[in-house]
Amino acid sequence: MNTSQQMKMKSNQPFIDLLPVRREMISVGEYLRLMTENPALIEQAEFMPPRIGGNDFGAFFVRYNGAQHKSVTYGR
């Protein structure tokens, strides 16, 4: 197999990357889990109420004490 074929094969493969996240919007369930498992990770949290007619319970905008690494899948 030559280099060109190897590159083409690799580009078709999905891969996982880790990105540092300092702030993010999470669901109420995720927030409750995080507060139970490791509350020291959260620097600040702000509740975002649900929208009228929506089917959720709102969300939390969370700022972490340090960057949390989240996986992101590319491809497929």
Side-chain angles (χ1 to χ4, degrees):
M1 209 183 294
N2 64 26
T3 307
S4 174
Q5 289 173 329
Q6 288 175 342
M7 293 285 285
K8 192 179 279 188
M9 219 169 100
K10 286 182 182 178
S11 67
N12 292 336
Q13 301 282 331
F15 64 94
I16 298 174
D17 197 6
L18 294 177
L19 297 176
V21 174
R22 181 91 163 101
R23 296 175 284 169
E24 71 175 333
M25 187 80 68
I26 60 175
S27 70
V28 174
E30 288 174 290
Y31 177 76
L32 291 174
R33 182 187 54 77
L34 186 59
M35 285 300 292
T36 303
E37 292 175 2
N38 201 349
L41 289 177
I42 298 174
E43 181 179 319
Q44 182 181 16
E46 181 181 348
F47 178 67
M48 308 302 284
R51 292 197 173 113
I52 295 174
N55 58 354
D56 62 3
F57 296 104
F60 281 87
F61 186 71
V62 176
R63 183 167 51 191
Y64 297 107
N65 284 322
Q68 303 300 304
H69 292 86
K70 303 287 182 167
S71 63
V72 177
T73 304
Y74 298 96
R76 290 199 165 182

Checklist entry - Going from CG on Leu34 to CD1 on Ile26, what distance comes out if it is rounded to the nearest 0.5 angstrom? => result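 The CG atom of Leu34 sits 5.5 Å away from the CD1 atom of Ile26.
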Item to check | Straight-line distance of Phe60 CZ to Met25 CE, nearest 0.5 Å | outcome: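 It comes to 11.0 Å.
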Does one hydrophobic cluster hold both [X] and [Y], with members joined at side-chain heavy-atom distances below 4.5 Å?
X	Y	value
Phe47	Met35	yes
Val62	Met48	no
Ile42	Leu32	yes

Item to check | Note, Glu43 side chain near Asn65 side chain (heavy atom, < 4.5 Å) | outcome: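 Answer yes - side chains close enough.
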Next on the checklist: With heavy-atom distances below 4.5 Å as the criterion, would you say the side chains of Glu24 and Gln68 are in contact?
Outcome noted: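 No, every pair of side-chain atoms sits at 4.5 Å or beyond.
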